[in-house]
Amino acid sequence: MSVPSNPRGTQDILPEEWPYWTHVIREAEEVARLFGYERIETPTIADTELFLRTNDEGTDVLKEMYTFQDRGGDSLTLRPEGTAPVVRAYLQHGMSRRPQPVKLFYVEHMFRYERPQAGRFREHHQFGCEALGVEDAYLDVEMIALLRTLYERLGLGDLRLQINSIGDRNCRPAYLDGLRAYLSERREALAPVDQERLARNPLRVLDTKEERSLPIVADAPSILDFLCEDCRVHFERLRHGLDVLGIPYTINPTLVRGLDYYTRTVFEFYEEEHGAQLAVNGGGRYDALAEQLGGPPTPGIGFGLGIERVILLLKERDIGPPVCPGPRVSLVHVGQGTEDIAIRQAGRLRAAGIDAVMTFGDRSLRAQMRAANAAGSAYAVIIGPDEAANGTVTIRSLRDGSQETVPESLLVEAVSGPPRL
RNA sequence: GUGACCGUAGCUCAAUAGGCAGAGCUCUGGAUUGUGGCUCCAGUGGUUGUGGGUUCGAGCCCCAUCGGUCACCCCA
């Protein structure tokens with residue numbers, strides 16, 4: 001015997017979880033709009049080509065994608081990240097003719113085929129922002145300020161920010177050459193894992209956790225020493241803007257991004273305890289992405305924030321979301337024909353904007369009262385033979401136990417306003 | 001893809017040395033036939049993840065498989 005279960009790495013978000021979700025999403029949306037961002041949603045599926053174009057072949061990103069052929073033979077992929085689809089939409093809909101920058105936010109599902117782990121799922125949810133069409137470093141500053149505002153609102157104001165610049169196509173190649181040369185010379189001293197990384201993606205070696213590699217990485221050439229004039233100035237302005245706002249940060253020259261299209265600014269907010277292991281969001285500038293997609297040069301910057309991770313932190317810190325009260329009124333009914341009255345009165349209450357539920361099935365008054373209490377209702381409205389005969393209802397406060405019998409016509413008024421305590 | 005640990009009721013967990021699968025919570029019903037919470041009583045609920053093997057006998061030992069958790073790889 002086995003009932004069906006959800007696929008590995010996915011999750012059901014049950015009713016009791018939703019207060020967290022609505023809280024986080026609502027705050028995110030509110031803050032985004034506060035900063036002038038508008039909502040966009042792209043399809044959950046996209047042409048596989050979209051993600052192939054934005055990444056070097058052989059990247060692990062590709063082999064972690066959920067890719068399939070539809071019946072027409074097209075190769076589609078479940079959206080693994082939010083940025084490329086948004087940039088695609090920007091290009092496709094000619095948004096370069098809108099006032100720049102175009103500032104967009106999304107709340108979307110992301111998919112990646114990997115082994116589930118703490119705060120990592122095959123299907124997860126991201127809140128993300130993308131700002132396109134402007135190269136100004138103050139756009140970067142503003143985006144980081146947006147995140148700070150959001151975290152403060154959520155009670156996560158102590159999250160730490162780290163920033164870096166990874167240069168652009170002018171200066172990064174030289175740095176990569178230098179780094180590769182430096183690491184190759186010391187290859188034997190690196191941990192085995194990092195020797196592999198050196199071959200695959202030298203930047204990743206900088207992220208190492210291996211004791212053996214740490215001293216080597218510590219003395220490795222820093223990207224910041226290789227930045228071209230434009231990138232250097234951009235980074236200076238970013239830092240200056242953050243200072244102006246009093247936003248604390250640390251510069252981490254080893255901070256990189258997994259995707260190939262990032263340039264210049266990269267940043268992460270993370271929690272001290274979990275360390276960079278569990279970044280709550282990652283973001284960066286991607287001034288070359290639009291061109292990689294075949295569009296005109298279009299600068300852009302964005303971030304993706306893991307909603308599951310935010311909720312994880314809220315729970316760890318016992319930060320409860322606002323409680324969601326039960327239906328204000330529960331209608332209970334005993335006797336022939338009383339359920340007709342109950343369902344009609346429920347309709348009247350709802351029409352007046354009062355959330356009301358009735359009980360179902362032939363249950364004892366006791367059982368129905370229990371249900372009303374369990375539902376968290378402020379009032380139980382009792383409709384029995386006496387009430388039915390007299391055209392009245394009995395309203396019992398489940399807060400203080402007081403009750404009164406009133407004409408049906410006074411029901412809505414009686415349960416309106418703050419519940420008596 | 002690699003490794004470690006773990007799978008007993010819807011949930012949290014028991015089950016002495018291999019010897020009849022249990023408790024609490026939840027849920028349902030009831031405690032003089034119309035009144036919730038607190039209390040009390042009762043009931044529903046399991047092929048011990050699944051499939052093999054060892055044994056007179058397996059929740060317990062062995063193998064496989066699936067799933068969960070964590071770490072690695074990678075990280076959007």
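Letters A, B, ... mirror the listed sequences (proteins, then strands); counts begin at 1.
We find that A:Arg88 and A:Glu49 are not joined by a salt bridge, their nearest charged nitrogen and carboxylate oxygen being 4.0 Å or further apart. Salt-bridge annotation for A:Arg169 and A:Glu291: present, with a side-chain N of the basic residue lying under 4.0 Å from a carboxylate O of the acidic one. Salt-bridge formation is detected for the pair A:Glu135/A:Arg264: a Lys NZ or Arg NE/NH1/NH2 atom is positioned less than 4.0 Å from an Asp or Glu carboxylate oxygen. Ion pairing between A:Glu108 and A:Arg39 fails under the 4.0 Å rule for side-chain N and carboxylate O. A salt bridge is defined here as a Lys NZ or Arg NE, NH1 or NH2 lying under 4.0 Å from an Asp or Glu carboxylate O, and A:Arg33 with A:Glu29 meets this definition.
Using a 4.0 Å heavy-atom criterion, one finds that A:Gln368 contacts no nucleic acid atom at all. Residue contacts shown for A:Ala372 are absent, as no nucleic acid heavy atom lies under 4.0 Å away. Using a 4.0 Å heavy-atom cutoff across all strands shown, A:Val332 reaches no nucleic acid atom at all.
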Expected string for nucleotides 29-38 of chain B under the B/S/- scheme (protein heavy atoms, under 4.0 Å, primed atoms plus P, OP1, OP2 as sugar-phosphate) is SBB--BBBB-

Go along nucleotides 7-12 of chain B 5' to 3' and tag each nucleotide: B for a protein heavy atom under 4.0 Å from its base, S when only backbone or sugar atoms are that close, - otherwise.
------

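The ring-ring contact (aromatic ring centres under 6.0 Å, His included) check on A:Tyr151 picks up A:Phe269, with sequence neighbours excluded. For the side-chain hydrogen bond (donor to acceptor under 3.5 Å, both in side chains) test, residues two or more places apart in sequence or in another chain that qualify with A:Thr83 are A:Glu130. Every residue two or more places apart in sequence or in another chain that forms a side chain to side chain contact (heavy atoms under 4.5 Å, CB included) with A:Glu308 is listed here: A:Gln11, A:Trp21, A:Phe121, A:His124, A:His125. In this view, A:Arg172 satisfies the salt bridge (charged side-chain N to carboxylate O under 4.0 Å, His left out) rule with no residue, not counting sequence neighbours. Remark: A:Phe360 engages A:Met358 in a side chain to side chain contact (heavy atoms under 4.5 Å, CB included) (not counting sequence neighbours).
In this structure, the side chain of A:Arg186 engages the main chain of A:Tyr182 through a donor-acceptor pair within 3.5 Å. Remark: side-chain polar atoms of A:Asp287 are paired, donor with acceptor, to backbone N or O of A:Gly300 under 3.5 angstrom. With A:Ser364 contributing its side chain and A:Ala367 its backbone, the two residues share a donor-acceptor pair below 3.5 Å.
Straight-line distance between the P atoms of B:A14 and B:C41: roughly 25 Å, to the nearest whole Å. Using P as the reference atom, B:C62 and B:C6 are 11 Å apart when rounded to the nearest Å. Distance noted for atom P between B:G34 and B:G19: 49 Å (whole Å). B:U39 and B:A58: their C1' atoms are spaced 42 Å apart (whole Å). The gap from the P atom of B:G49 to that of B:C40 amounts to 32 Å, rounded to the nearest Å. When the C1' atom is used for both B:A9 and B:C27, the distance is 12 Å, rounded to whole Å. Using atom P as the reference point in both B:U48 and B:C60, the two lie 10 Å apart (nearest Å). For the C1' atom pair drawn from B:U32 and B:U44, the interatomic distance equals 26 Å after rounding to whole Å.
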Name every donor-acceptor pair, under 3.5 Å, that has one atom in a side chain of residues 211-224 of chain A and the other anywhere in the protein, sequence neighbours excluded.
from: A:Arg212; atom 1: NE; to: A:Ala189; atom 2: O; distance (Å): 3.3
from: A:Arg212; atom 1: NH2; to: A:Glu188; atom 2: O; distance (Å): 2.9
from: A:Arg212; atom 1: NH2; to: A:Leu190; atom 2: O; distance (Å): 2.9
from: A:Ser213; atom 1: OG; to: A:Ala191; atom 2: N; distance (Å): 3.1
from: A:Ser213; atom 1: OG; to: A:Asp194; atom 2: OD2; distance (Å): 2.6
from: A:Ser222; atom 1: OG; to: A:Leu224; atom 2: N; distance (Å): 3.1

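The interatomic distance linking A:Glu210 (CD) with B:C74 (C1') rounds to 14 Å, in whole Å. Spacing between atom CZ of A:Phe267 and atom C1' of B:C75 amounts to 16 Å, rounded to whole angstrom units.
The side chain of A:Arg204 contributes no N or O atom lying less than 4.0 Å from OP1 or OP2 of B:C74. Applying the 4.0 Å criterion to OP1 and OP2 of B:A71, one finds that A:Gln117 has a side-chain N or O inside that range. Here A:Lys209 reaches the OP1 or OP2 of B:C73: one of its side-chain N or O atoms lies under 4.0 Å away.
Counting atom types as modelled, A:Arg120 pairs a side-chain N or O with a base atom of B:C74 as donor and acceptor under 3.5 Å.
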Distances under 3.5 Å between nitrogen or oxygen atoms of protein and nucleotides 4-6 of chain B:
none

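Non-hydrogen atoms lying under 4.0 Å from RNA chain B are contributed by A:Arg8, A:Gly9, all within residues 5-16 of chain A. Residues of residues 178-186 of chain A that place a heavy atom closer than 4.0 Å to RNA chain B do not occur.
Centroid-to-centroid, the aromatic rings of A:Phe226 and A:Tyr175 come within less than 6.0 Å.
Atoms CD and CG, from A:Glu271 and A:Leu156 in turn, are 8.0 Å apart once rounded to the nearest 0.5 Å.
When the shell of 6.0 Å around CD of A:Glu38 is examined, it contains 12 or fewer heavy atoms from other residues, nucleotides or ligands.
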Which dot-bracket notation, 5' to 3', represents the base pairing of RNA chain B when pairs are defined as Watson-Crick or G-U with both distances under 3.5 Å, crossing pairs as [ ], and inter-strand pairs as |?
(((((((..((((.....[..)))).(((((.......))))).....(((((..]....))))))))))))....

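Each of A:Leu349, A:Ile343, A:Thr338 was compared with A:Leu331 under the side-chain contact (heavy atoms from CB on, under 4.5 Å) criterion, and only A:Leu349 meets it.
With the nearest nucleotide of RNA chain B identified for both A:Phe121 and A:His124, A:Phe121 has the one nearer the 5' end.
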